[in-house]
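Below is one structure, written out as structure tokens, with a few remarks after it.
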Amino acid sequence: MDGPQPPHRQPRGDEPLTARSPLGLRAVLSGVALVAGAVAAVLFGLSAAHARDAGPWVATAICATVALIAAIDLVVIARRART
């Protein structure tokens with residue numbers, strides 16, 4: 001790792017003009033995950049109310065966790081977009 005290093009290239013200067021932020025796509029994906037997770041949690045929750053085993057409750061918890069993580073990610077994205 002301590003071998004010869006390649007020379008550092010100077011940036012061309014147009015990177016900020018052509019750079020694209022991944023926050024837009026990340027927001028779309030988090031929005032889709034939030035809606036899908038919330039809908040799936042409600043549907044699994046309704047089926048869990050009539051089930052005798054723990055399977056639907058586990059699925060409900062997993063879907064609710066996905067929706068919660070997506071909501072937190074949307075908050076982080078909004079904060080980063082402002083700065």
Side-chain angles (χ1 to χ4, degrees):
M1 288 195 103
D2 292 326
Q5 299 291 325
H8 179 70
R9 287 185 20 200
Q10 289 293 330
R12 295 182 310 197
D14 63 346
E15 284 83 0
L17 298 176
T18 59
R20 301 178 81 185
S21 173
L23 291 179
L25 177 61
R26 186 171 152 192
V28 169
L29 292 174
S30 290
V32 169
L34 176 62
V35 171
V39 168
V42 168
L43 293 176
F44 279 121
L46 291 174
S47 71
H50 303 292
R52 299 197 183 273
D53 59 345
W57 287 114
V58 172
T60 302
I62 291 171
C63 292
T65 303
V66 167
L68 178 65
I69 291 170
I72 292 170
D73 193 34
L74 284 172
V75 170
V76 170
I77 291 168
R79 287 186 62 200
R80 288 188 180 175
R82 280 185 273 157
T83 59

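These figures come from a predicted structure and were not determined experimentally.
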Heavy-atom closest pair, residues Ala27 and Leu74: O-CD2, 3.6 Å
Qualifying residue for side-chain contact (heavy atoms from CB on, under 4.5 Å) with Ile72, from Ile69, Val75, Leu68: Leu68
The single option from Leu29, Leu23, Val28 passing side-chain contact (heavy atoms from CB on, under 4.5 Å) against Arg26: Leu23
Where Ala67 and Ala38 come nearest, the two heavy atoms and their spacing: CB-N, 3.7 Å
Heavy-atom pair with the smallest gap, counting every atom of Ile77 and Ser30: CD1-OG, 4.1 Å
Minimum heavy-atom distance between Ala41 and Ala64, given as atom pair plus value: CB-N, 3.8 Å
Contact summary for Trp57 and Ala49, nearest pair of heavy atoms: CZ2-N, 4.3 Å
Considering all heavy atoms, the nearest Gly45-Thr60 contact: N-OG1, 3.2 Å
